[in-house]
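Residue numbers start from 1 in every chain, and the chains themselves are labelled A, B, ... in the order their sequence lines are given, proteins ahead of strands.
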Amino acid sequence: MNRTYAGTLDKSHAGSAATIAGWVQKQRDFGELVFIDVRDRSGIVQVVVDRSKGASEELLAIAKELRSEFVLRVAGEVRERSESTKNSKMPTGEIEIVATSIELLSRADTPPFPVDDEVDAAEDLRLKYRYLDLRRPALARNIILRDRIAHGVRDYMHRQGFLEIETPILTKSTPEGARDYLVPSRVHKGTFYALPQSPQIFKQLLMVSGLDRYYQIARCFRDEDLRRDRQPEFTQVDIEASFIDEEFVFTLIEGMFAEVFPLAGIPITTPFPRMGWQEAMDRFGIDRPDTRFGMELIDITAAAKAIDFAAFREAETVRGIVVPRGSSLSRRQIDDLSEEAKKLGASGLVWMKFDGLRGSSIKKFLDDAKFDSLRDALRANFNDLALIVAGKTTRVWDVLGSLRLKLGKEQGLIPGDRWDFLWVVDFPLFEWDEESGRFFARHHPFTSPRLEDVEKIESDPGATLARAYDVVMNGLELGGGSIRINTPELQSRMFRALGISDEDARDRFGFLIDAFRYGAPPHGGVALGFDRMVMLMARAESLREVIAFPKTARAQDLLSEAPSRVDEKQLDELGIALKRPS
RNA sequence: GGGGUCGUAGUUCAGUCGGUUAGAACGCUGGCCUGUCACGCCAGAGGUCGCGGGUUCGAGUCCCGUCGGCCCCGCCA
């Protein structure tokens with residue numbers, strides 16, 4: 001049976017026979033004349049049954065019986081419509097199929113919501129009936145795009161000589177990092193597998209194995225709370241290669257993006273600009289800067305210290321952002337920003353308006369000369385608004401970085417059709433954690449320090465730079481990676497610096513440390529957030545729009561109703577007793 | 001864990017200051033209709049106002065609790 005996709009038909013098929021199969025989008029009954037819009041994954045085409053043009057009584061009877069979402073197969077002849085009946089709103093609007101036979105394959109209950117791009121049904125309903133939601137062309141298009149991108153990635157990686165290798169899903173829990181999803185072992189009662197947060201250790205082992213160039217479109221699991229761009233199970237394009245350096249990774253990824261992003265009409269210019277972590281923080285207050293607009297952070301510590309204002313005098317740094325034409329913001333709006341700043345940890349937010357009135361929240365500390373000196377330091381123009389935060393540098397980065405993004409969106413400063421790709425490099429190797437009073441690995445504990453920084457691991461950990469890199473687009477982290485440590489000696493020093501005892505390290509990563517004793521090549525890699533890539537390319541607002549069966553904000557699958565209770569018998573077999581049976 | 005917001009017919013929503021029988025549109029059911037594509041016309045069915053409790057003569061509306069969707073903070077090496 002030669003089936004054609006409905007959406008692919010056009011004038012060039014006029015006069016030829018065609019068979020389509022799909023769902024009834026809409027039936028319009030005129031008595032002796034019936035139109036049926038038939039939908040399949042490619043689109044919609046109009047079928048016509050016309051008694052006056054020779055359609056049989058039986059055919060008409062079937063056509064009249066059709067309801068939304070009935071499944072049918074239609075055979076007929078493609079015909080160009082007369083000029084007056086063409087529909088320019090439909091891609092197939094110039095033609096229709098004159099049915100010679102209609103086979104009713106399946107009836108359907110009235111759907112709980114209309115299967116139509118126009119209608120915004122409640123999200124929980126859409127998730128419960130996901131199979132219906134996926135019939136909607138807009139959503140189906142995203143899933144189809146996802147396939148194209150995955151295929152593009154595989155094709156590219158294969159040509160670059162990479163092997164697609166699967167790694168275990170049932171693996172070992174390695175605390176530190178995200179919370180693990182655990183799977184109890186039946187054979188070894190009281191023990192648990194963990195689902196992988198990423199295939200990190202396995203891909204490094206594959207390098208020790210000499211397989212040399214690995215990639216995988218890998219499912220990863222993290223038991224943390226969700227966001228619109230975070231699902232508990234998600235997909236990474238995971239990559240690792242031996243005998244390579246940073247430049248290899250940059251070129252590889254730029255080449256991949258140059259192939260894949262144009263599939264969604266997004267232009268790619270390579271090579272991507274690079275920015276040091278320090279510069280990113282100083283200019284944008286964040287390690288994944290959105291470079292599509294200005295309003296950068298400006299250091300005004302020198303000018304601010306000249307003012308007799310305690311919060312400035314005592315601060316480690318004083319920095320500000322200048323909102324173009326922001327002097328029109330109301331007191332209320334500025335108060336909201338102030339509150340936002342406090343929520344982010346600022347002790348206060350100083351504002352200055354550069355209109356004729358020279359308004360400021362610290363006006364009583366400012367004479368005209370000092371007001372102007374701050375204005376000059378901020379390089380502000382007439383009618384601009386400055387927002388200034390003083391305090392610890394990391395805190396100031398945080399607050400101003402967030403306010404910058406918020407204002408950029410609200411003030412419409414972000415140009416719509418721009419795609420700013422960027423490498424962020426020279427990350428610090430460690431990050432100081434106030435709470436526990438120790439250093440953490442910023443990326444992960446296998447990341448190599450820069451060669452010239454190796455001695456700082458012990459002498460000045462905070463100043464040690466890593467051979468790590470992130471690829472960022474429009475302020476979104478698309479992926480990150482590093483060149484890894486490949487000697488047991490350096491790895492041990494790293495663990496010690498992190499306060500992980502030899503015993504601990506043995507227990508958690510012993511197999512990797514062991515492996516490194518048997519000849520580990522220099523290697524490194526990167527992991528890309530595949531769902532996020534698809535989301536960007538689909539111009540979707542949420543990851544849920546690009547995953548076939550996503551979970552809710554509370555990590556449930558409303559379709560299958562997972563997670564769910566299990567039989568007492570199943571728990572017994574696993575040697576598990578619930579603490580609070582209910 | 002915290003904050004915000006939403007929850008009324010199958011769907012999307014309206015519902016005034018707490019007051020009589022809870023409405024609209026779409027959808028659905030039946031009928032008519034030959035060029036529609038948001039078809040049109042006629043008739044009709046359809047409600048646990050998320051759930052539980054409270055205040056009140058009286059609650060969709062007020063109060064408390066709870067459940068669920070979404071967004072944000074924390075969290076996500």
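For A:Arg450 and A:Asp426, the salt-bridge test passes: some basic side-chain N is under 4.0 Å from an acidic carboxylate O. Ion pairing between A:Glu477 and A:Arg532 fails under the 4.0 Å rule for side-chain N and carboxylate O. No salt bridge links A:Glu96 with A:Lys86; every basic N to acidic carboxylate O contact stays at or beyond 4.0 Å.
Judged by distance alone, with hydrogens and angles left aside, A:Arg230 brings a side-chain donor or acceptor within reach of the base of B:rC76, the pair sitting under 3.5 Å. Between the side chain of A:Arg67 and the base of B:rG27, no donor-acceptor pair of N or O atoms lies under 3.5 Å. At a cut-off of 3.5 angstrom, counting only N and O atoms as typed in the model, there is no donor on one side facing an acceptor on the other between the side-chain of A:Gln556 and the base of B:rG68. Looking at A:Thr85, its side chain has no donor and acceptor atom pair within 3.5 Å of the base of B:rU36. For A:Arg81 and B:rU36, a side-chain-to-base donor-acceptor distance below 3.5 Å is present, hydrogens and geometry of angles not being considered.
Checking B:rC71, B:rU12, B:rA77 against the side-chain heavy atoms of A:Arg544 singles out B:rC71 as nearest. Among B:rC37, B:rC76, B:rC28, the nucleotide with an atom closest to any side-chain atom of A:Ala178 is B:rC76. Residue A:Arg554 places its side chain closer to B:rG68 than to any other of B:rA77, B:rG68, B:rC70. Side-chain proximity of A:Ala553 to B:rU29, B:rC71, B:rU12: nearest is B:rC71. Checking B:rC70, B:rC37, B:rU34 against the side-chain heavy atoms of A:Met90 singles out B:rC37 as nearest. Across B:rA77, B:rG35, B:rG68, the shortest atom-to-atom separation from the side chain of A:Asp124 is found for B:rG68. Counting only heavy atoms from C-beta on, A:Arg227 has its side chain closest to B:rC75 among B:rU11, B:rA77, B:rC75. Side chain of A:Arg179, nearest nucleotide from B:rA77, B:rC75, B:rC71: B:rC75. Of the candidates B:rC76, B:rC33, B:rU12, the closest approach to any side-chain atom of A:Ala122 belongs to B:rU12. Minimum atom distance to the side chain of A:Arg28 is reached by B:rC37, of the listed B:rA77, B:rC37, B:rU34.
When atom types are taken as modelled, the side chain of A:Asn486 and the backbone of A:Ala520 share a donor-acceptor pair closer than 3.5 angstrom. Under a 3.5 Å cut-off, the side chain of A:Arg404 and the backbone N or O of A:Leu297 do not form any donor-acceptor pair.
With a cut-off of 3.5 Å on both Watson-Crick or G-U wobble distances, the partner of B:rU55 is given as none. As the counterpart of B:rG44, B:rC28 is assigned, both hydrogen-bonding distances of the Watson-Crick or G-U wobble pattern falling under 3.5 Å. Figure legend. B:rA14 is base-paired to no nucleotide; pairs are counted as Watson-Crick or G-U wobble with both atom distances under 3.5 Å. A 3.5 Å limit on both hydrogen-bonding distances identifies B:rG69 as the Watson-Crick or G-U partner of B:rU5.
Ring pair A:Trp277/A:Trp397 is perpendicular by interplanar angle, where above 60° counts as perpendicular and below 30° as parallel.
Geometrically, A:Arg438 engages A:Phe440 in a cation-pi contact defined by less than 6.0 Å to the ring centre and at most 45° from the axis.
Within the structure, a side-chain polar atom (N or O) of A:Lys89 is placed less than 4.0 Å from OP1 or OP2 of B:rA38. Residue A:Lys26 places none of its side-chain N or O atoms closer than 4.0 Å to OP1 or OP2 of B:rU36.
On the C1' atoms, B:rC13 is 23 Å away from B:rU29, given to the nearest whole Å. As rounded to the nearest Å, B:rA9 and B:rC71 have C1' atoms that lie 28 Å from one another. Taking the C1' atoms as reference points, B:rA38 lies 46 Å from B:rG74, given to the whole Å. Annotation: B:rG3 and B:rG47 have their P atoms spaced 37 Å apart (nearest Å). One C1' atom belongs to B:rG2, the other to B:rU8, and the distance between them is 30 Å to the nearest Å. Nucleotides B:rC64 and B:rC76 have their C1' atoms positioned 35 Å apart, rounded to a whole Å. Straight-line distance between the C1' atoms of B:rG18 and B:rU55: roughly 11 Å, to the nearest whole Å. For B:rC17 and B:rU61, the P atoms lie 15 Å apart once the distance is rounded to whole Å.
Applying the 5.5 angstrom centroid cut-off and the 30 degree plane-angle cut-off, the aromatic ring of A:Phe35 is stacked upon the base of B:rU36.
Side chains of A:Ser198 and A:Gln236: no donor on one and acceptor on the other come within 3.5 Å. Looking only at atom types and distance, the side chain of A:His444 has a donor-acceptor partner in the side chain of A:Arg484 under 3.5 Å away.
Remark: C1' of B:rU12 and CG of A:Asp116 are 12 Å apart, rounded to the nearest angstrom. Per the geometry, CG belonging to A:Leu125 stands 14 Å off C1' belonging to B:rG27, to the nearest Å. Look at CD on A:Gln27: it is 14 Å from C1' on B:rU29, rounded to the nearest Å. Atoms CG (A:Asp225) and P (B:rC71) sit 12 Å apart, rounded to a whole Å. Rounded to a whole Å, the CZ atom of A:Phe113 is 16 Å from the P atom of B:rG10. Computed from coordinates, the A:Asp229 CG to B:rC71 C1' distance equals 12 Å when rounded to whole Å. B:rG74 atom C1' lies 15 Å from atom CG of A:Asp223, rounded to whole Å. Straight-line distance from the CZ atom of A:Arg126 to the C1' atom of B:rU12: 14 Å, rounded to whole Å.
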At a cut-off of 3.5 Å, list every protein nitrogen or oxygen paired with a nitrogen or oxygen from nucleotides 40-44 of chain B, distance to 0.1 Å.
none

Which protein N or O atoms sit under 3.5 Å from an N or O of nucleotides 3-5 of chain B?
none

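Where A:Ser68 and A:Glu431 meet RNA chain B, the nucleotide closest to each residue was compared, and A:Ser68 sits on the side nearer the 5' end. Residue-to-nucleotide proximity on RNA chain B shows that, of A:Pro112 and A:Arg51, the 5′-proximal contact is made by A:Pro112.
The side-chain heavy atoms of A:Thr92 and A:Gln46, taken from C-beta on, include no pair separated by under 4.5 Å. Inter-residue side-chain proximity for A:Asp531 and A:Gln231 is flagged as unmet; no heavy-atom pair is nearer than 4.5 Å. Using a 4.5 Å heavy-atom cutoff, the side chains of A:Pro112 and A:Leu132 are in contact. Using a 4.5 Å heavy-atom cutoff, the side chains of A:Ile253 and A:Leu478 are not in contact.
Taking a 6.0 Å sphere around CD of A:Gln333, one finds it holds more than 12 heavy atoms contributed by other residues, nucleotides or ligands. Within 6.0 Å of CZ on A:Arg395 lie no more than 12 heavy atoms contributed by other residues, nucleotides or ligands.
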CA sep, side-chain torsions, deciding dist, call: A:Glu32, A:Lys64, salt bridge (Lys or Arg N to Asp or Glu O under 4.0 Å): CA-CA 9 Å; A:Glu32 301 267 282; A:Lys64 289 178 83 72; over 6 Å; no

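Proximity of residues 481-488 of chain A to RNA chain B (heavy atom under 4.0 angstrom from any strand atom) is not detected for any residue.
A:Glu123 comes within 4.0 angstrom of the backbone, heavy atoms only, and of no base.
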